[in-house]
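This report refers to the structure that appears directly beneath it.
Worth knowing before you read on, the calculation uses all heavy atoms, side chains too, and leaves out hydrogens, waters and symmetry mates. Everything numeric here is computed off the predicted structure, so don't read it as measured data.
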Amino acid sequence: MASERVEAFRSLHRRGEPLLLPNPWDVGSARALQALGFRALATTSSGFAATLGRMDGTVTREEAIAHGELVAGACDLPVSADLENGFAHEPAAVADTVTAAIDAGLAGCSIEDFSGDDATPIYDRTLAAERIAAAAQAAHGAIVLTARAENYLHGRADLADTIARLQSFQEAGADVLYAPGITDADDIRTLVTSVDRPVNVLALPTAPNVGELASLGVARISVGGAFAFAAFGALVEAARELLEQGTYGFWRSAAAGRDLAGQAFTQ
């Protein structure tokens with residue numbers, strides 16, 4: 001079953017026919033997204049952390065793997081896990097994280113080059129490539145490995161360096177490449193044509209729409225923590241309505257959610 005999901009997930013990555021990959025934050029949202037018709041899912045580190053009342057970057061490897069395994073076991077779709085920087089600096093320890101993801105039955109996982117150090121937030125390019133090489137060796141075809149270049153999320157809007165990093169990750173054995181934060185269409189086109197692996201784009205407010213990203217050759221589009229925080233946003237609006245207005249208009253959207261739950265959830 002796990003190998004079938006891995007191959008199904010791999011086959012969904014086609015340049016110019018982007019896989020819409022939403023990011024559930026718990027079992028309920030995973031089952032709801034499956035019922036809505038999505039073909040694969042990916043966990044979100046920030047969305048999952050929010051369910052624990054924490055900020056992004058505070059989840060442990062054990063918690064992230066257990067969460068991924070829980071989500072994967074709760075639905076019939078391939079599930080990829082956001083494994084941040086592999087929860088380790090050294091390449092061998094990153095490989096251990098990927099092995100744990102395989103053992104958990106996940107179809108994919110992502111490893112980023114964000115170090116977690118505010119002073120030096122992005123790993124040296126050579127070390128970053130070594131980390132992906134170790135992850136790819138551990139993956140050995142048993143999981144779809146996404147390598148992430150995090151420059152644009154940490155104040156380093158350097159397209160040339162980002163592309164060079166993704167090219168080194170490709171050479172190191174990554175299956176999918178991802179540089180979250182790039183939203184300019186020309187930059188995305190340049191990136192896509194500079195590599196030979198499927199490219200994922202993060203759906204940000206200023207990013208091209210799905211049709212435009214397809215025309216640029218993008219193979220996958222994910223939302224990160226946006227769906228989780230959209231749900232929090234709905235909670236804010238409903239709570240403020242009750243507290244400040246004393247009315248119950250929130251039942252309009254709550255009814256749609258209740259209907260979806262009835263469709264998606266099992267007893």
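Residue E212 places its CD atom among more than 12 non-hydrogen atoms of other residues, nucleotides or ligands, all under 6.0 Å distant. In the displayed structure, R14 atom CZ is contacted under 6.0 Å by more than 12 heavy atoms of other residues, nucleotides or ligands. The number of heavy-atom neighbours closer than 6.0 Å to NE2 of H140, taken from other residues, nucleotides and ligands shown, is 12 or below. By the neighbour-count criterion of 12 heavy atoms within 6.0 Å, atom CD of Q137 is sparsely surrounded, having that number or fewer from other residues, nucleotides or ligands.
A side-chain donor-acceptor contact under 3.5 Å links Q34 to the backbone of D76. The closest donor-acceptor contact from the side chain of E69 to the backbone of G105 lies at 3.5 Å or more, if one exists at all. Side chain of T183 to main chain of A207: no donor-acceptor pair is present (N/O by atom type, distance under 3.5 Å, no hydrogens or angles). Side-chain atoms of E84 never come within 3.5 Å of backbone atoms of S45 as a donor-acceptor pair (strictly under, hydrogens ignored). Checking side-chain atoms of D82 against main-chain N and O of T44 turns up no donor-acceptor pair under 3.5 Å. Of the possible polar contacts, one joining the R197 side chain to the A174 backbone as a donor-acceptor pair under 3.5 Å is found. Listed for the S115 side chain is a donor-acceptor partner under 3.5 Å among the backbone atoms of T120. Side chain of R131 to backbone of Y123: no donor-acceptor contact under 3.5 angstrom is found.
When all heavy atoms of V94 and N85 are compared, the closest pair comes out as CG2-O, 3.9 Å.
Checking S222 against Y178 by side-chain atom types alone, a donor-acceptor pair falls below 3.5 Å. Judged by distance alone, the side chains of R220 and T146 do bring a donor and an acceptor atom under 3.5 Å apart. For the 3.5 Å distance criterion, the side chains of Y152 and D158 fail to qualify, holding no donor opposite an acceptor.
The residues D113 and R165 are annotated as salt-bridged, a charged nitrogen and a carboxylate oxygen being separated by less than 4.0 angstrom. Taking 4.0 Å as the cut-off between side-chain N and carboxylate O, R54 and E63 count as a salt-bridged pair.
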